[in-house]
A.B. asks: 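I'd like to ask some things about the structure below.
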Amino acid sequence: MRDVIVESHPVNRQTLLEYANIPISFTVRSVFNVEPVDGGLGGIILREEKADKQYVKDYDALDGEGPTRWLKTFDTGNWRLFIARHSGKLVGGVTVATRTPEVHMLKGRTDLVVVWDVRVHPDHRRSGIGTGLFSTATEWARGNGFRQLAVETQNTNVPACKFYASQGCKLGEID
């Protein structure tokens, strides 16, 4: 993440309009399939398998999703946005959500922070920017008294699953 500057911002219309310009789409090439061991009593195995057909998934294209729609759905007054720039150009960002009753992942807890959204421009993926942003988010959470950090992704986003595992995240729930 050399020569990358990370800025901290409140989550508001102006910052979200800029943040939304970072593409979040990715190509699904493989998926994690869940295999119970001994009927689940022996745990589970996540087995990566090639996708039947490759396709592009874009969370921002889903109805009601995307950064510019968050303000209509959530009170983002307790959220924080960290933006990464390289040579002045926007290359990535991470949004964290806290103390927001409408965010079910927070489970009504005031000591929990959720990594709501992470995105790195496709031209800068696998360059350490995501790691730097995740580290910034965890340091911010720790520095603001939060005891736990939660993330969520899907079995179709194998790169994100592997990224979170590389950051020390542990699988806590499968839905």
Side-chain angles (χ1 to χ4, degrees), residues 1 4-34 46-76 79-98 100 102-106 113-138 149-167 169 171-175:
M1 204 167 102
V4 173
I5 296 171
V6 177
E7 307 164 353
S8 176
H9 296 274
V11 176
N12 58 40
R13 181 170 166 68
Q14 180 181 339
T15 57
L16 289 178
L17 285 171
E18 182 179 24
Y19 183 71
N21 288 318
I22 308 166
I24 196 168
S25 63
F26 61 96
T27 301
V28 175
R29 294 182 171 85
S30 62
V31 297
F32 275 127
N33 288 319
V34 179
L46 294 179
R47 190 171 311 283
E48 184 179 357
E49 297 180 5
K50 186 177 177 182
D52 294 335
K53 182 179 178 183
Q54 289 188 16
Y55 62 96
V56 174
K57 185 155 190 173
D58 184 353
Y59 295 115
D60 288 349
L62 299 174
D63 189 34
E65 296 295 324
T68 59
R69 298 181 185 113
W70 298 342
L71 295 173
K72 295 176 185 172
T73 308
F74 304 105
D75 175 358
T76 60
W79 295 25
R80 203 74 194 155
L81 173 61
F82 301 96
I83 291 178
R85 296 184 191 280
H86 181 266
S87 300
K89 181 182 174 191
L90 185 65
V91 294
V94 61
T95 306
V96 294
T98 68
T100 309
E102 305 86 22
V103 175
H104 300 293
M105 283 181 62
L106 289 168
V113 62
V114 170
V115 173
W116 187 253
D117 188 82
V118 178
R119 50 185 69 207
V120 175
H121 191 282
D123 295 343
H124 296 274
R125 291 180 182 161
R126 304 195 58 78
S127 69
I129 291 170
T131 297
L133 287 165
F134 194 86
S135 176
T136 297
T138 56
L149 182 128
V151 299
E152 180 273 337
T153 192
Q154 299 172 341
N155 68 325
T156 56
N157 196 345
V158 171
C161 293
K162 291 179 177 181
F163 169 76
Y164 290 132
S166 75
Q167 301 307 303
C169 296
L171 180 62
E173 185 176 330
I174 296 176
D175 182 9

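By convention here, the first residue in the shown sequence is residue 1. What's counted below: heavy atoms across the whole structure, side chains too, no hydrogens, waters or symmetry copies.
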A.B. asks: Without swapping roles, check the side chain of Thr136 against the backbone of Gly132 for a donor-acceptor pair under 3.5 Å.
C.D. replies: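 Between the backbone of Gly132 and the side chain of Thr136 there is a qualifying donor-acceptor contact (under 3.5 Å).
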
A.B. asks: Rounded to the nearest 0.5 Å, what separation is found between the CD atom of Glu48 and the NZ atom of Lys162?
C.D. replies: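 Those atoms lie 3.5 Å apart.
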
A.B. asks: Working to the nearest 0.5 Å, report the span between NE2 of His86 and CD1 of Ile129.
C.D. replies: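 Taking NE2 in His86 and CD1 in Ile129, the distance rounds to 7.5 Å.
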
A.B. asks: Quick one, Thr76 with Trp116, criterion side-chain contact (heavy atoms from CB on, under 4.5 Å). Give me CA distance, side-chain angles, the key distance, then yes/no.
C.D. replies: CA-CA 11 Å; Thr76 60; Trp116 187 253; over 6 Å; no

A.B. asks: What heavy-atom pair brings Thr15 and Pro10 nearest, and what distance separates the two atoms?
C.D. replies: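 So the minimum-distance heavy-atom pair works out to OG1-O, 3.0 Å.
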
A.B. asks: Which atom pair, heavy atoms only, marks the closest approach of Ile22 to Val91?
C.D. replies: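 For Ile22 versus Val91, the nearest heavy atoms are CG2-O, 4.4 Å.
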
A.B. asks: I need the Leu81 CG to Ser8 OG distance, nearest 0.5 Å.
C.D. replies: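 OG of Ser8 is found 8.0 Å from CG of Leu81.
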
A.B. asks: What are the two closest non-hydrogen atoms of Leu133 and Ala84, and how far apart are they?
C.D. replies: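 Heavy atoms only, the tightest pair is CD2-CB, 4.0 Å.
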
A.B. asks: Calculate, to the nearest 0.5 Å, the distance between atoms CZ and CZ belonging to Arg125 and Arg119 respectively.
C.D. replies: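 That separation rounds to 9.5 Å.
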
A.B. asks: Which heavy atom of Arg69 sits nearest to which heavy atom of Leu62, and what is that distance?
C.D. replies: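 In this case the closest contact between Arg69 and Leu62 is NH1-O, 3.6 Å.
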
A.B. asks: Using the side-chain contact (heavy atoms from CB on, under 4.5 Å) definition, which of the options Leu171, Thr156, Asn155, Thr153 pairs with Cys161?
C.D. replies: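 When side-chain contact (heavy atoms from CB on, under 4.5 Å) is applied between Cys161 and each of Leu171, Thr156, Asn155, Thr153, only Thr153 qualifies.
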
A.B. asks: With a 4.5 Å cut-off on side-chain heavy atoms, are Thr73 and Glu102 touching?
C.D. replies: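 In short, these two side chains do not touch, never coming nearer than 4.5 Å.
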
A.B. asks: Shortest non-hydrogen contact from Ala20 to Thr68?
C.D. replies: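 Smallest heavy-atom distance, with atoms named: CB-CG2, 4.0 Å.
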
A.B. asks: How far apart are the C-alpha atoms of Leu16 and Val11, what are their side-chain angles, what is the distance that settles it, and do they pass the side-chain contact (heavy atoms from CB on, under 4.5 Å) test?
C.D. replies: CA-CA 7 Å; Leu16 289 178; Val11 176; 3.7 Å; yes

A.B. asks: Can you tell me how far NZ of Lys57 sits from OG of Ser25, rounded to the nearest 0.5 angstrom?
C.D. replies: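 Nearest 0.5 Å value for the OG-NZ distance: 12.0 Å.
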
A.B. asks: With distance as the sole test, does Arg85 use its side chain to make a donor-acceptor pair with the main-chain N or O of Ile5 at under 3.5 Å?
C.D. replies: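 No, the answer is negative, given that no donor and acceptor are paired below the 3.5 Å cut-off.
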
A.B. asks: For atom CG of Asp123, is the number of surrounding heavy atoms from other residues, nucleotides or ligands below 6.0 Å larger than 12?
C.D. replies: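 Yes.
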
A.B. asks: Can you give me the closest heavy-atom contact between Pro67 and Asp60, atom names plus distance?
C.D. replies: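 Taking Pro67 first and Asp60 second, the nearest heavy atoms are CD-OD1, 3.4 Å.
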
A.B. asks: Can you tell me which residue among Phe163, Tyr55, Tyr59 is in a ring-ring contact (aromatic ring centres under 6.0 Å, His included) with Phe26?
C.D. replies: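 Filter result, single survivor: Tyr59.
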
A.B. asks: Any side-chain heavy atom of Val34 sitting closer than 4.5 Å to one from Leu46?
C.D. replies: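 Val34 reaches Leu46 side chain to side chain.
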
A.B. asks: Given the rule in the side chain to side chain donor-acceptor pair (under 3.5 Å) test, do Trp79 and Thr100 qualify, once you have shown the distances and angles that lead to the verdict?
C.D. replies: CA-CA 8 Å; Trp79 295 25; Thr100 309; 2.8 Å; yes

A.B. asks: To the nearest 0.5 angstrom, please state how far the CD atom of Glu49 sits from the CG atom of Asn33.
C.D. replies: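 Answer for the CD-CG pair, Glu49 versus Asn33, is 4.5 Å.
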
A.B. asks: Determine yes or no for a side-chain-to-main-chain donor-acceptor pair under 3.5 angstrom, with Thr138 supplying the side chain and Phe134 the backbone.
C.D. replies: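 Side chain of Thr138 to backbone of Phe134: a pair is present.
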
A.B. asks: Working note: Val96 + Phe82, criterion side-chain contact (heavy atoms from CB on, under 4.5 Å); need CA distance, chi angles, decisive distance, verdict.
C.D. replies: CA-CA 9 Å; Val96 294; Phe82 301 96; 4.2 Å; yes

A.B. asks: Does Gln14 have more than 12 heavy atoms from other residues, nucleotides or ligands lying within 6.0 Å of its CD?
C.D. replies: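 No.
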
